[in-house]
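Encoded as structure tokens, the structure appears first; notes follow it.
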Amino acid sequence: MNAAPRPQDLVEQALSVATLPCVLWVSERAEANLRWANNALITNGEIRSRSLTVTAMAEVEGRTAAGTVIEEIAGAEDVVAVVAAAEDLARTGRPAEDASPMVENYPHHDVWTEPPETTSIDILGELAKGLGVAFENAHAARQLLFGFAEHGVATTYLGSSTGLRRRGVQRTGKLELNAKTADLASSAWLGRTTRDFSDVDVAEAVEELSTRLSWQQPSWICLPDATRPCYRPAPLRT
């Protein structure tokens, strides 16, 4: 079995088959996720994907038109079709009013030959341990926890017909947590963003949700005179 082509090689292949000036990039994305409902983990997994984005430029009516195509690709056999589709859009498109020259190559510190960075379910290990404790506490408090956590790493390799080659890495993570009372009468939500989950405190998040749920509980106000009835505050209508 042939080894999967490197994303750098796919960039070079796309540039080699292009007949118009273009800028393009291959993004390799790795993702790990964890999901839970009713105080229990339900699914976890890892996802890998690869996409190619091509922006081609063509002279139309004496000015420059552009066409962009983005496609998920499996390998080298998909590259030619994406480039051709972008070039077709450019040749049949309307000239852009804000067209400018393509960026030439310039000095930078990217290491083009480095492989894509990745992630795995292991990065959510401490979060899963914290959720185990949170589930027990929520059960004791007659609450239900729902939500998910995702961590992704995207490595992008960009190349242009002017000789520019750049490599960048973007790490993203998010936690979305929803708490409900056992009777489903009240609900509260919060979200957290992170790069690696080292700064996410599950106990703190659940405590905040419990506080928000407590704000929704009905309360009674009793006047000092015991002969007068207590009443529940109601929202004003205007």
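The analysis underlying the following values was restricted to heavy atoms, covering all of them including side chains, and did not include hydrogens, waters or symmetry mates.
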Carboxylate-amine/guanidinium contact R212 E208, below 4.0 Å = yes

ask   = When clusters are formed by joining ILVMFWY residues with side-chain heavy atoms under 4.5 Å apart, either directly or through shared neighbours, do V206 and L213 land in the same one?
value = no

task = Say whether F197 and F148 are linked into one hydrophobic cluster, either directly or through other cluster members, by side-chain heavy-atom distances under 4.5 angstrom.
result = no

inquiry  = On a heavy-atom basis, which atom in L124 and which in A149 lie closest, and how many Å separate them?
reply    = CD1-O, 4.1 Å

message = Under 4.0 Å between a side-chain nitrogen and a carboxylate oxygen: does that hold for R171 and E117?
response = yes

query = Looking at CG of L175 and OG1 of T194, how far apart are the two atoms once the value is rounded to the nearest 0.5 Å?
reply = 9.5 Å

key: For R166, salt bridge (Lys or Arg N to Asp or Glu O under 4.0 Å) partners two or more places apart   = D110

remark   = Residues passing the salt bridge (Lys or Arg N to Asp or Glu O under 4.0 Å) test with R142, sequence neighbours excluded, are none

Listed once per pair and sorted, the salt bridge (Lys or Arg N to Asp or Glu O under 4.0 Å) pairs that draw on residues 41-58, sequence neighbours left out = E28-R50, E46-R48

More than 12 heavy atoms of other groups within 6.0 Å of E61 CD = no

query = Hey, what do you get for OG (S187) to CZ (F146), rounding to the nearest 0.5 Å?
reply = 8.5 Å

request  = Check the pair R167, T155 against side-chain contact (heavy atoms from CB on, under 4.5 Å), reporting the backbone distance first and the verdict last.
outcome  = CA-CA 7 Å; R167 174 186 180 274; T155 307; 3.9 Å; yes

query = Given side chains that start at C-beta, do those of L144 and L184 come closer than 4.5 Å, heavy atoms only?
reply = yes

key: Nearest-0.5 Å distance, CH2 of residue W189 to CG of residue N178   = 9.5 Å

key: Sidechain-backbone polar pair: T181 side chain, S186 backbone, donor-acceptor under 3.5 Å   = yes

ask   = With sequence neighbours excluded, what pairs up with E204 under the salt bridge (Lys or Arg N to Asp or Glu O under 4.0 Å) test?
value = R192

query = Between V69 and V26, is there a shared hydrophobic cluster once you connect ILVMFWY residues whose side-chain heavy atoms come closer than 4.5 Å?
reply = yes

inquiry  = If I compare all heavy atoms of P5 with all of A76, which pair ends up nearest, and what's the gap?
reply    = CG-N, 4.1 Å

task = Determine yes or no for a side-chain-to-main-chain donor-acceptor pair under 3.5 angstrom, with N39 supplying the side chain and L145 the backbone.
result = yes

query = Can you name the side chain to side chain contact (heavy atoms under 4.5 Å, CB included) partners of R91, sequence neighbours left out?
reply = T19, L20, A58, E87

task = Just say parallel, tilted or perpendicular for the rings of W36 and F135, cut-offs at 30° and 60°.
result = tilted

ask   = Are any side-chain N or O atoms of H151 and backbone N or O atoms of T119, one a donor and one an acceptor, separated by less than 3.5 Å?
value = no

message = I'd like to check the ring pair (Phe, Tyr, Trp, His ring centres under 6.0 Å) partners of W112; sequence neighbours left out, ordered by chain and number.
response = Y157

query = Under the ring-ring contact (aromatic ring centres under 6.0 Å, His included) rule, what pairs show up with a residue in residues 51-106, not counting sequence neighbours?
reply = Y106-H108

message = Looking at every heavy atom in both A128 and L34, which two are closest together, and how far apart are they?
response = CB-CD2, 4.0 Å

query = Atom OG1 of T53 and atom CH2 of W25: how far apart are they, to the nearest 0.5 Å?
reply = 5.0 Å

query = Are the side chain of E71 and the backbone of S51 linked by a donor-acceptor contact shorter than 3.5 Å?
reply = no

ask   = Is there a donor-acceptor pair under 3.5 Å between the side chain of S161 and the backbone N or O of C22?
value = yes

request  = Go through the structure and list residues passing side chain to side chain contact (heavy atoms under 4.5 Å, CB included) with Q170, not counting sequence neighbours.
outcome  = T172

query = Can you name the residues that form a side chain to side chain contact (heavy atoms under 4.5 Å, CB included) with A84, not counting sequence neighbours?
reply = none

task = Establish whether L164 and M102 are linked, either directly or via other cluster members, by ILVMFWY side-chain heavy-atom contacts under 4.5 Å.
result = yes

remark   = Residue pairs passing the salt bridge (Lys or Arg N to Asp or Glu O under 4.0 Å) test with at least one member in residues 3-13, sequence neighbours excluded, are R6-D9, E12-R165

key: For the student: nearest non-hydrogen atoms of P7 and P116, plus distance   = CG-CG, 3.8 Å

ask   = Taking it one step at a time, do V54 and T68 satisfy side-chain contact (heavy atoms from CB on, under 4.5 Å)?
value = CA-CA 6 Å; V54 179; T68 299; over 6 Å; no

query = Nearest 0.5 Å, what's the CG-CG distance between D78 and L10?
reply = 9.0 Å

key: Derivation of the side-chain contact (heavy atoms from CB on, under 4.5 Å) call for L209 and L177   = CA-CA 8 Å; L209 285 178; L177 190 58; 3.5 Å; yes

Stepwise side-chain contact (heavy atoms from CB on, under 4.5 Å) check, V83 with V80 = CA-CA 5 Å; V83 173; V80 175; 6.0 Å; no

message = When you compare the side chain of N105 with that of T162, does any pair of heavy atoms fall below 4.5 Å?
response = no

Shortest non-hydrogen contact between A90 and A56, atoms and distance = CB-O, 3.4 Å

ask   = If you group Ile, Leu, Val, Met, Phe, Trp and Tyr by side-chain heavy-atom gaps below 4.5 Å, do I42 and I121 land in one group?
value = no

query = Quick one: does L24's side chain get under 4.5 Å of L158's, heavy atoms only?
reply = no

message = Are E77 and V79 packed together at the side-chain level, in the sense that at least one heavy-atom pair is separated by less than 4.5 angstrom?
response = no

query = Taking the side chain from T64 and the backbone from V60, do they hold a donor-acceptor pair closer than 3.5 Å?
reply = no

request  = With sequence neighbours left out, write down each residue that passes salt bridge (Lys or Arg N to Asp or Glu O under 4.0 Å) with E126, or none if nothing qualifies.
outcome  = K129

ask   = Looking at residues at least two apart in the chain, or sitting in another chain, which of them share a ring pair (Phe, Tyr, Trp, His ring centres under 6.0 Å) with H139?
value = none

inquiry  = Are more than 12 heavy atoms, taken from residues, nucleotides or ligands other than E176, located less than 6.0 Å from that residue's CD atom?
reply    = yes

query = A134 and V202: which non-hydrogen atoms are nearest, and at how many Å?
reply = CB-CG1, 4.1 Å

query = To the nearest 0.5 Å, what is the distance between CD1 (I70) and CG (L52)?
reply = 9.5 Å

